[in-house]
**Student:** 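Can you read through this structure? Questions will come right after.
Both counts, for ligands and for their atoms, begin at 1 and track the order of listing. Quantities reported herein were computed from a predicted structural model and do not represent experimental measurements.
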Amino acid sequence: MTSIVKDTHTHTQIPQSLLQATEPIQDLLETASLYLHIPFCHTRCHYCDFNTFAGRLPLREPYVRALLHEIEMAGVMARHEDGRLRRARTMFMGGGTPSLLNVDQITRILNACFQSFAIDADAEITMEANPGTLDQEQLLGIRKAGINRLSMGAQSFDEELLKTLGRIHSPQEIVQAVEYARAAGFTSINIDFMFGLPNQTMQHWQETLKRALELRPEHLSLYSLIVEEGTPFQDWVNDGSIVPGDEDLCADMYEYADELLRQAGYINYEISNWALPGHHSRHNLTYWQNLPYIGMGTGAASSFAGRRFSNEREPLDYIKLVKANQLPEVESEDVGLAQAMSETAFLGLRTAMGLHLPTFATRFGQPFSQFVGDHLQDVEAAGLLEYEDDWLRLSTRGRLLGNEVFLRLLPD
Ligand SMILES: C=Cc1c2[nH]c(c1C)Cc1[nH]c(c(CCC(=O)O)c1C)Cc1[nH]c(c(C)c1CCC(=O)O)Cc1[nH]c(c(C)c1C=C)C2
Ligand SMILES: C[C@H]1O[C@@H](n2cnc3c(N)ncnc32)[C@H](O)[C@@H]1O
Ligand code: SF4
């Protein structure tokens, strides 16, 4: 049994496995999580603005070759001064739709990472998949190649809504994909859903969550629809042919989900993420803890060695750069101490656990209270923050006013 710490103020239940630092922060700062971007999709969903391309499937093999080359160069870049390979605790192959690659391509990508980085024997290795692109043989192959966590975009169990979204699969194919994944030995499965969708009623949402829970995924990500610039959804919102759910409905849907999932044993460890005890995504948490990560592939972002940088987004240009033996970096920003401290605080405060104050002080050689100064007392007095043991977190009220809290905390 995982022991549970009860937070009486917010009624969240946070297991010790999340509260206890797994390793000293100085050791974690010496690692890098790996993100690998696969920029291909069958067709583009109507709401999506990710860096991904439809109709360019013939580019898959040239792209994979370039990615293998980039992994090798990144491994060299990330090595320690004495030549040791950089250690990675988690890997995440996202997109786009990595499940559009064949087993051989996925295996080659993983093996390149195993050669160029020191991947922990018990690393969390996730791959994103679209339920419309999965079959039993492929799932067995990728499990064997080393993928041990599967993250599926499902979005909804409503047939009509799936059409509005431009999805390529039916509700039944979501169930089928999870069954195939279980049969292939996956014991850690995430499913993504969206709410606040056009014409989505509370009943639709309840039905989707009910069917999601029947599959008993270890992890659920629930995202409120964002109407992104340049998407068909934005055109349709502008011409009035679709109307997204309003703020009140979205809040009700979020609260309904949170309560239902809590009763079903899931922990809301971050705004959009719920997990059964022990199944939180360690990769996601590296982002929320502001730990180093290296992104490879088109448009992938990195936070490493005091810099944030990101790659060329267009596949053909990316391939060209890599072929010329160059790291395909196109943007870079130095991250100073003050910026790193602010980011670590704000990212931490968005998680259910909050910010671990002793870790902050060890990491930056300065306590958080000293860094923010008088602002902290103001925000505390307004009832927006609360302490529990060594943790500082947003109160229920603070969570509703999240951005307000962050603005007020910023040093002048
Ligand atoms: C609704 C909020 C979402 C956040 N991330 C995603 C959603 C839906 C999903 C997502 N995850 C990554 C990407 C980038 C790929 C792309 O095509 O643009 C997307 C859209 C990967 C990712 N997420 C974070 C990092 C650092 C990375 C890897 C590097 C990369 O981008 O290539 C961190 C992160 N994601 C979100 C937040 C708030 C966040 C901060 C810690 C939101
Ligand atoms: C990675 C996950 O991000 C979610 N996702 C993708 N685009 C959007 C958007 N515009 N708004 C909200 N969620 C989105 C989907 O649920 C996808 O599966
Ligand atoms: S399949 Fe995923 S990445 Fe591709 S367009 Fe749809 S939501 Fe975006």
Side-chain angles (χ1 to χ4, degrees), residues 35-57 59-60 63 92-101 126-134 149-158 161-171 173-174 177-178 181 189-198 200 204-205 208-209 211-212 215 217 219-238 242-247 249-251 253-254 257 270-275 281 283-284 287 295 297-301 313 315:
Y35 175 78
L36 301 144
H37 191 71
I38 309 297
F40 304 106
C41 287
H42 238 294
T43 50
R44 197 186 252 286
C45 303
H46 300 150
Y47 53 84
C48 180
D49 78 338
F50 294 175
N51 187 37
T52 186
F53 301 84
R56 296 175 79 171
L57 295 184
L59 262 188
R60 282 179 291 187
Y63 180 79
F92 192 103
M93 202 187 290
T97 308
S99 51
L100 282 173
L101 300 182
T126 305
M127 191 183 99
E128 285 190 322
N130 184 309
T133 65
L134 289 171
R149 183 169 180 274
L150 206 64
S151 180
M152 275 191 254
Q155 322 311 352
S156 176
F157 268 110
D158 187 83
L161 275 174
L162 288 176
K163 281 190 198 139
T164 307
L165 295 170
R167 298 293 295 179
I168 58 167
H169 54 81
S170 64
E173 278 171 295
I174 301 170
V178 173
I189 297 179
N190 169 59
I191 317 183
D192 296 334
F193 291 97
M194 293 161 75
F195 59 96
L197 300 172
Q200 186 185 34
H204 284 126
W205 181 234
T208 280
L209 290 172
R211 293 193 60 184
L215 299 173
H219 191 288
L220 283 159
S221 297
L222 309 180
Y223 299 110
S224 154
L225 172 69
I226 300 169
V227 177
E228 301 282 2
E229 244 173 81
T231 59
F233 259 36
Q234 192 191 36
D235 297 340
W236 299 339
V237 168
N238 287 342
I242 61 169
V243 181
D246 66 31
E247 215 174 288
L249 180 61
C250 283
M253 286 177 164
Y254 183 89
E270 187 277 318
I271 304 176
S272 310
N273 290 295
W274 285 258
S281 160
H283 187 83
N284 269 348
Y287 298 148
T298 48
R313 294 172 69 83

**Student:** Can you tell me if S224 has a non-hydrogen atom under 4.0 Å from ligand 2?
**Tutor:** yes
**Student:** So does L100 get a backbone contact from the side chain of T97, meaning a donor-acceptor N/O pair under 3.5 Å?
**Tutor:** no
**Student:** Is there a donor-acceptor contact under 3.5 Å from the side chain of E128 to the main chain of G95?
**Tutor:** yes
**Student:** For C41 versus L57, what's the shortest heavy-atom pair and its separation?
**Tutor:** O-CD2, 4.4 Å
**Student:** Just wondering, more than 12 heavy atoms not from H42 lying within 6.0 Å of its NE2?
**Tutor:** no
**Student:** Can you check whether Y47 has an N/O within less than 3.5 Å of an N/O in ligand 2?
**Tutor:** yes
**Student:** Using a cut-off of 2.8 Å, find all protein N, O or S atoms closer to atom 6 (Fe) of ligand 3 than that distance.
**Tutor:** C45 SG
**Student:** Using a 4.0 Å cutoff against the non-hydrogen atoms of Q155, which atoms of ligand 2 qualify?
**Tutor:** 15 (C), 16 (O), 17 (C), 18 (O)
**Student:** For T52, is there any backbone N or O sitting under 3.5 Å from a side-chain donor or acceptor partner on R44?
**Tutor:** yes
**Student:** Based purely on interatomic distance, does D192 place a nitrogen or oxygen under 3.5 Å from a nitrogen or oxygen of ligand 2?
**Tutor:** yes
**Student:** If you draw the axis of the six-membered ring of Y63, does the NZ or CZ of R60 fall within 45° of it and under 6.0 Å from the ring centre?
**Tutor:** no
**Student:** Side chain, backbone, both or neither: which part of C45 has a heavy atom under 4.0 Å from ligand 2?
**Tutor:** neither
**Student:** Which one holds for F50 and ligand 2: side chain close, backbone close, both close, or neither close, with close meaning a heavy atom under 4.0 Å?
**Tutor:** side chain
**Student:** Polar-atom distance check: E228 versus ligand 2, any N or O pair below 3.5 Å?
**Tutor:** no
**Student:** Out of all atoms in ligand 2, which are within 4.0 Å of some heavy atom of I226? Include the element for each.
**Tutor:** 9 (C), 10 (N), 11 (N), 12 (C)
**Student:** Is it true that T133 and S99 share a donor-acceptor pair across their side chains at a distance under 3.5 Å?
**Tutor:** yes
**Student:** Could you verify whether a donor N or O on one side chain and an acceptor N or O on the other, from S221 and N273, lie under 3.5 Å apart?
**Tutor:** yes
**Student:** Please give me the minimum heavy-atom distance between P244 and V227, naming the atom from each residue.
**Tutor:** CG-CG2, 3.9 Å
**Student:** Under 6.0 Å between the ring centres of Y254 and W274?
**Tutor:** yes
**Student:** Name the closest protein heavy atom to atom 3 (S) of ligand 3, giving the residue it belongs to and the distance to 0.1 Å.
**Tutor:** G96 N, 3.4 Å
**Student:** Could you verify whether a donor N or O on one side chain and an acceptor N or O on the other, from S170 and E173, lie under 3.5 Å apart?
**Tutor:** yes
**Student:** L225 versus ligand 2: do any nitrogen or oxygen atoms come within less than 3.5 Å of each other?
**Tutor:** no
**Student:** Y47 heavy atoms, cut-off 4.0 Å: which ligand 3 atoms fall inside?
**Tutor:** 7 (S)
